[in-house]
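Only one structure is covered here, and it is reproduced in the block below.
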Amino acid sequence: QVQLVESGGGLVQAGGSLRLSCAASGGTFSTYAMAWFRQAPGKEREFVTRIHWSSGNTYYSESVKGRFTISRDKAKNTVYLHMNSLKPEDTAVYYCAADPLARFRPGSGYTDYDLYDYWGQGTQVTVSS
């Protein structure tokens, strides 16, 4: 059974940086796409970014492009989210997610949360102004 465990959340001032980690286990991830989503209080879960495990190809939402970077360490089975120039509106619970088939949905691409079969428990990121 695939398990995803996030870590690295916390409180940071606006303009600061934070790195989240997602440790993956229980699967062979070469065919997977790994993603980060976030959910702020009272809002829907929002796609942040995605990486294809094998190719390393990445995709970002417009709201984080240029500030956030997703990467993976194959040897450690870990996906990272490097967040720079953080804003108060980045405050949310951040979730790691995995799609075993690296699917693409016409019209919405990689951003629909139901494309992802496995989820972590989430880690809180709070950005103070």
Side-chain angles (χ1 to χ4, degrees):
Q1 180 73 4
V2 172
Q3 287 192 317
L4 306 175
V5 179
E6 303 100 332
S7 60
L11 174 64
V12 63
Q13 287 190 330
S17 300
L18 211 56
R19 188 186 78 166
L20 306 183
S21 300
C22 172
S25 62
T28 304
F29 297 103
S30 58
T31 63
Y32 280 51
M34 306 295 292
W36 288 95
F37 284 73
R38 65 186 182 186
Q39 189 167 19
K43 295 189 176 181
E44 293 188 353
R45 193 164 297 192
E46 173 192 18
F47 172 86
V48 176
T49 181
R50 171 197 187 268
I51 188 168
H52 190 277
W53 192 271
S54 288
S55 69
N57 289 339
T58 58
Y59 179 77
Y60 295 90
S61 68
E62 287 299 321
S63 61
V64 306
K65 194 176 293 184
R67 299 189 299 122
F68 290 12
T69 303
I70 189 171
S71 64
R72 86 283 190 235
D73 185 327
K74 291 182 177 180
K76 295 182 178 180
N77 274 2
T78 300
V79 177
Y80 301 100
L81 181 62
H82 306 260
M83 304 185 293
N84 297 318
S85 303
L86 282 161
K87 306 174 181 180
E89 51 264 43
D90 294 319
T91 294
V93 177
Y94 283 71
Y95 296 91
C96 178
D99 174 6
L101 302 176
R103 289 164 287 185
F104 176 88
R105 177 171 287 161
S108 57
Y110 308 114
T111 64
D112 292 345
Y113 67 84
D114 65 339
L115 292 176
Y116 300 87
D117 296 327
Y118 303 103
W119 292 83
Q121 81 287 351
T123 185
Q124 176 71 46
V125 172
T126 303
V127 184
S128 63
S129 57

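Every side-chain contact (heavy atoms from CB on, under 4.5 Å) that Ser129 has, sequence neighbours left out, goes to Pro88.
In this structure, Gln3 places its CD atom where only 12 or fewer heavy-atom neighbours from other residues, nucleotides or ligands lie under 6.0 Å away.
Between Asp117 and Arg103 there is a salt bridge, with a side-chain nitrogen of the basic residue lying less than 4.0 Å from a carboxylate oxygen of the acidic one.
Criterion: ILVMFWY side-chain heavy atoms under 4.5 Å apart, direct or through other members. Under it, Tyr118 and Tyr113 are not part of a common hydrophobic cluster. Leu4 and Leu115 sit in two unconnected hydrophobic clusters of ILVMFWY residues. Membership requires side-chain heavy atoms under 4.5 Å apart, directly or through other members.
With hydrogens and angles ignored, the 3.5 Å screen pairs a side-chain donor or acceptor of Glu6 with a backbone N or O of Gln121. In this structure, the side chain of Arg72 engages the main chain of Ser54 through a donor-acceptor pair within 3.5 Å. Under a 3.5 Å cut-off, the side chain of Gln13 and the backbone N or O of Ser128 do not form any donor-acceptor pair. Using modelled atom types, no side-chain atom of Gln39 and backbone atom of Ala92 make a donor-acceptor pair closer than 3.5 Å. In this structure, Tyr60 contributes its side chain and Ile70 its backbone to a donor-acceptor pair below 3.5 Å. The backbone N or O of Tyr59 sits less than 3.5 Å from a side-chain atom of Thr49, completing a donor-acceptor pair.
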Can I get a per-line list of side-chain donor-acceptor pairs under 3.5 Å for residues 17-32, giving both atom names and the distance, sequence neighbours left out?
unit_1	atom_1	unit_2	atom_2	d
Ser17	OG	Asn84	OD1	2.9
Thr31	OG1	Pro100	O	2.9

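Contact detail for Trp53 and Lys74: the closest heavy-atom pair is O-CE, 3.3 Å. Summarising the geometry of Ser108 relative to Asp112, their closest heavy-atom pair is OG-OD2, 2.7 Å, with the distance given to 0.1 Å. For the residue pair Ser85 and Arg67, the shortest heavy atom distance occurs at O-NH1, 2.9 Å.
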Side chain to side chain contact (heavy atoms under 4.5 Å, CB included) assessment of Val125 paired with Asp90 = CA-CA 8 Å; Val125 172; Asp90 294 319; 5.6 Å; no
Step by step, would you call Tyr110 with Asp99 a side chain to side chain contact (heavy atoms under 4.5 Å, CB included)?
-> CA-CA 10 Å; Tyr110 308 114; Asp99 174 6; over 6 Å; no
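Residues Met83 and Val127 form no side-chain contact, since every pair of their non-hydrogen atoms from C-beta on lies 4.5 Å or further apart. The side-chain heavy atoms of Val64 and Phe47, taken from C-beta on, include no pair separated by under 4.5 Å. Tyr116 is listed as a side-chain neighbour of Phe37, based on a closest heavy-atom distance under 4.5 Å. Ser63 places none of its side-chain heavy atoms less than 4.5 Å from the side chain of Glu89.
Sorted pairs that involve residues 76-98 and meet ring pair (Phe, Tyr, Trp, His ring centres under 6.0 Å), not counting sequence neighbours, are lacking altogether.
Shown are Val12, Val93, Leu11; of these, the side chain to side chain contact (heavy atoms under 4.5 Å, CB included) with Thr126 is made only by Leu11.
Rounded to the nearest 0.5 Å, atoms CZ (Arg38) and CG (Leu81) are 9.5 Å apart. Distance CH2/Trp36 to OG/Ser61: 14.0 Å, rounded to 0.5 Å.
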